There are 4 protein chains.
Amino acid sequence: MRDAKKSREKIIQNAIELFSKEGYHKTSLDDIAKKSNINKAMIFYYYKSKAGLYEEVMSKTLSDIYSTIKEAIKNSSRAKDNLKIFIETYAKYCIKYSYLPPLLLRELSSNGQNLPFEMRNKMYQLFLLLDSILKDGQKRGEFRENISIVIHFMITGTLNLFIVSKPLREDAKEFDSSFPSATEYSIEEICSYIYKTILKTLEV
Amino acid sequence: MRDAKKSREKIIQNAIELFSKEGYHKTSLDDIAKKSNINKAMIFYYYKSKAGLYEEVMSKTLSDIYSTIKEAIKNSSRAKDNLKIFIETYAKYCIKYSYLPPLLLRELSSNGQNLPFEMRNKMYQLFLLLDSILKDGQKRGEFRENISIVIHFMITGTLNLFIVSKPLREDAKEFDSSFPSATEYSIEEICSYIYKTILKTLEV
Amino acid sequence: MRDAKKSREKIIQNAIELFSKEGYHKTSLDDIAKKSNINKAMIFYYYKSKAGLYEEVMSKTLSDIYSTIKEAIKNSSRAKDNLKIFIETYAKYCIKYSYLPPLLLRELSSNGQNLPFEMRNKMYQLFLLLDSILKDGQKRGEFRENISIVIHFMITGTLNLFIVSKPLREDAKEFDSSFPSATEYSIEEICSYIYKTILKTLEV
Amino acid sequence: MRDAKKSREKIIQNAIELFSKEGYHKTSLDDIAKKSNINKAMIFYYYKSKAGLYEEVMSKTLSDIYSTIKEAIKNSSRAKDNLKIFIETYAKYCIKYSYLPPLLLRELSSNGQNLPFEMRNKMYQLFLLLDSILKDGQKRGEFRENISIVIHFMITGTLNLFIVSKPLREDAKEFDSSFPSATEYSIEEICSYIYKTILKTLEV
DNA sequence: CATGAATGAGAGTTCATTCAT
DNA sequence: AATGAATGAACTCTCATTCAT
């Protein structure tokens, strides 16, 4: 049968889910195989090794987010709009694929030791995208000089932490019902707040 | 040598180092024991379990950072100065104990599933510290209304990512020597930039 | 050789032997694996855990003895014959599977703490079998009122102890050659003696 | 301080309790030390090894039971009374020191491999005691010929199993409330039933 | 006598990976 | 292409025993 494609996808899909829920090490190939209803040996047949599967998972995910943002930005004109799009698209994507933030943070926090070249490169591409938006803004006289890498981390760091910390914040609220600004803000409001803050620091 | 204190400290010290370098799961107690030149069983003698050791490590670390910041803020007056102190102290601490950022990010990215109560609580306390600075600023008319949790993540997220991504950025520069704004900024400049950005969004 | 059935059987067979010779705790899975010429991990592959393997061993054993007795009794008519069959079959079985008595005694002597439900149930079934024989005897007017549980323990306790203590008694004889009635009786004679004794207490 | 004696006793006492509750292997010296509020190393100071402590425990226990029975029998005259005393004293003792039955059964069921000579000897002495009662009965013409070892096992086996299986029987009753003759008999009734049964087989 | 520190051997268990079919 | 069997190394944890003070 030519279910090869389907099998591969099932594997990837469940790997994504488990890796993001449990982390790389806590997720066993047995888990993935069982969840995918597929023989464990097939994972090796398709992806050579656990690391290989992981690389595939991350690669796919990052490619998706990159091209989604790129596409969204294409038709816009003003740099500040592009910035907004970048933030909102990134956020939307993180919400939609909730496994992404934990995965990214985890990857980054391991010094990129397990991080295969392609992934690293794709993360870099994403940053270059923002960098080009900012540079473009400067050229047009919209933005002043800035430290693009900090802007990048301000956006991604804040968003990732916000998303990732949700369960913790909800727990905290149970203990301290007055927990300030824990859960009452929507992701849109957060995006808007980040956008405004960054704009203030960028605009001439 | 038969010195409990020294043994305990050696264990903790090396655990900190390895946990932050390799992560919880990749670090084996064999590693820690060998590095500490100490019998593996002693880890259980002192800390009951791997999780127990981890809790001790994190607890100790977070307590330190909290009290350091608290102490530093005590003698200051203006809210904006407090904010600056918060950012700089947090940053300095993260630099000094470079294992902290990866540990924090990793913990957060696992939904706090393995996160013992005390740790969780200490992270919360740290946030409350910033929250009180911001609230104080509002009372004094220095700051306008804001979303403290976002400010918190803007500071910690940005700083943590900046520190944690350093090796990656350096690698990137080797491939793309024009890598924009990757390594030429000192942590002080980063802090200052973050501070300014946040101040702009806060000040009336 | 890649034969699941054979592997499983080899494991069970050696587990039975070792568990009954050394007891549950003294028998390590390493021992079983080595004796079976099988990779230790296979034990987990097949039986999930040491306890799981043990359960399998006991379950299999008890099922066998139960159905053997049941079968043997089926075609008999008088209650006293059934009683005799019960005793003799039980004894024969204990002799044939010499690991059984120590296993049973050991299990019982640990308050049934590690005793999985199924095993417990099977031991209970065995008692119910004797109980039904006795009740049947009463109905027919063959037997008088009695305490079936004591009868049960009289049979099984005596037989188990007799079998289990054999090496001890032989040792004793070496020191005290006049050791009374230590070894000169065959199991058949013992059975007969038990049967007669119990019959005397039962018959009207 | 000369608490040596007290310490030794505390250790023995708690060892008895734990060994009989959990069995030899499941009981760790840590457990015994903690329960006794005594430093673990002292156990080695006093008893050389875990096995040594165990030997002491068993030795003490068996000596007690032997001399208690011997004493009780001394003043009696008729063999049948002695038999009764033997059964009842043994039973009473087993009830009083509830750790004894499991210990004995466990020891027997391990082929006496761990069984130190002294213990073995004491168990033998106990049997000789009964044997002498029976022989005495024959001499007086009270009893007919018999197989003393079977009588011995009938008494001890039945009683030990009855006591040891108590928790199991109680559990069984929860599931099958009609559980026949499980719990309604007192130990005195059991003794009496055993006595009568044996007497019937013995009396001329 | 007494204690806490230290040891080393092994226990059960997990898991990525490979092999045979 | 697919499967279940098999492997071996590693992992966390336990424990009897010894050492130093």
Side-chain angles (χ1 to χ4, degrees), chain A residues 1-5 7-8 24-33 37-54, chain B residues 1-8 25-33 37-54, chain C residues 1-8 25-33 37-54, chain D residues 1-5 7-8 24-33 37-54:
Chain A
M1 28 179 153
R2 49 147 157 45
D3 280 3
K5 221 178 193 177
S7 296
R8 294 181 81 113
Y24 182 76
H25 282 98
K26 268 189 116 175
T27 302
S28 79
L29 293 182
D30 271 303
D31 294 341
I32 296 175
N37 230 8
I38 264 173
N39 188 281
K40 190 172 39 157
M42 292 310 284
I43 300 181
F44 289 85
Y45 184 70
Y46 289 136
Y47 301 105
K48 296 273 203 277
S49 72
K50 189 186 187 185
L53 170 61
Y54 189 57
Chain B
M1 175 241 348
R2 219 140 182 127
D3 186 338
K5 227 182 202 168
K6 246 184 199 163
S7 297
R8 294 182 84 115
H25 284 98
K26 263 192 118 174
T27 302
S28 81
L29 294 181
D30 270 304
D31 294 342
I32 296 176
N37 226 9
I38 259 177
N39 189 287
K40 191 174 37 163
M42 293 310 284
I43 299 180
F44 293 88
Y45 185 64
Y46 287 130
Y47 300 106
K48 298 278 203 273
S49 70
K50 189 187 187 184
L53 170 60
Y54 189 60
Chain C
M1 174 244 345
R2 219 140 185 126
D3 186 339
K5 226 181 200 168
K6 247 184 197 163
S7 297
R8 294 182 85 117
H25 283 100
K26 261 193 124 177
T27 303
S28 80
L29 295 181
D30 272 304
D31 295 342
I32 297 175
N37 225 9
I38 258 177
N39 189 287
K40 189 171 41 156
M42 292 312 284
I43 300 180
F44 293 87
Y45 184 65
Y46 288 129
Y47 301 106
K48 295 284 203 273
S49 69
K50 189 187 188 183
L53 170 61
Y54 189 59
Chain D
M1 31 179 152
R2 49 147 156 46
D3 280 4
K5 221 179 195 176
S7 296
R8 292 181 82 111
Y24 182 75
H25 283 98
K26 268 189 116 175
T27 301
S28 79
L29 294 181
D30 272 300
D31 294 342
I32 296 176
N37 230 8
I38 265 174
N39 188 283
K40 188 174 39 159
M42 293 310 286
I43 299 180
F44 289 85
Y45 184 70
Y46 289 134
Y47 301 105
K48 295 274 202 278
S49 71
K50 189 187 185 183
L53 169 60
Y54 189 59

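Order of the sequence lines fixes the chain letters, A, B, ..., with proteins taken first and strands second; residue numbering starts at 1 for each chain. Note that the coordinates shown come from a computational prediction; the quantities given were computed from them, not determined experimentally. Hydrogens, waters and symmetry mates play no part in the numbers below; they use all other heavy atoms, side chains included.
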Whole Å only: how far is the [atom1] atom of [X] from the [atom2] atom of [N]?
X	N	atom1	atom2	result
C/L29	F/dG8	CG	C1'	16 Å
D/Y47	F/dT17	OH	C1'	17 Å
C/F44	E/dA11	CZ	P	12 Å
B/L53	F/dC11	CG	C1'	15 Å
D/K26	F/dA16	NZ	C1'	18 Å
C/K48	E/dG12	NZ	C1'	16 Å
D/I43	E/dC1	CD1	P	16 Å
D/Y46	E/dT3	OH	P	9 Å

key: Given DNA chain F, 5'-ward residue of the pair B/N39 and D/S49, judged by closest heavy atom   =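 The answer here is B/N39.
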Cation over ring face, B/R8 and B/Y45, 6.0 Å, 45° =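 Checked: cation-pi criterion not met.
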message = I want to check a possible cation-pi pair here: C/K26 against D/Y24, using under 6.0 Å from ring centre and within 45° of the ring axis as the test.
response = no
inquiry  = Under 4.0 Å, counting only non-hydrogen atoms across every strand here, what does B/D30 touch: a base, just sugar-phosphate, or nothing?
reply    =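 Contact class for B/D30: base.
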message = Can you give me the dot-bracket string for DNA chain F, 5' to 3', counting Watson-Crick and G-U wobble pairs with both distances under 3.5 Å, using [ ] for crossing pairs and | for partners on another strand?
response = .||||||||||||||||||||
Which heavy atom of [X] sits nearest a heavy atom of [Y], and at what distance?
X	Y	value
D/I38	D/S7	CD1-CB, 3.4 Å
A/G52	A/S49	N-OG, 3.0 Å
D/L29	D/K50	CD2-CG, 3.8 Å

inquiry  = Rounded to the nearest 0.5 Å, what separates atom NZ in C/K40 from atom CD1 in C/I32?
reply    =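 Nearest 0.5 Å value for the NZ-CD1 distance: 11.0 Å.
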Let's see if you can work this out: which of [options] has an atom nearest to the side-chain heavy atoms of [X]?
X	options	result
C/S28	E/dT17, E/dG4, E/dG12	E/dG12
B/A41	F/dG8, F/dT14, E/dG10	F/dT14
D/K50	F/dT17, E/dT17, F/dA5	F/dT17

request  = Report the residue (C/K40 or B/A4) whose heavy-atom-nearest nucleotide on DNA chain E is the more 5′ of the two.
outcome  = B/A4
ask   = Between D/Y45 and E/dC1, does any side-chain N or O lie under 4.0 Å from OP1 or OP2?
value = no
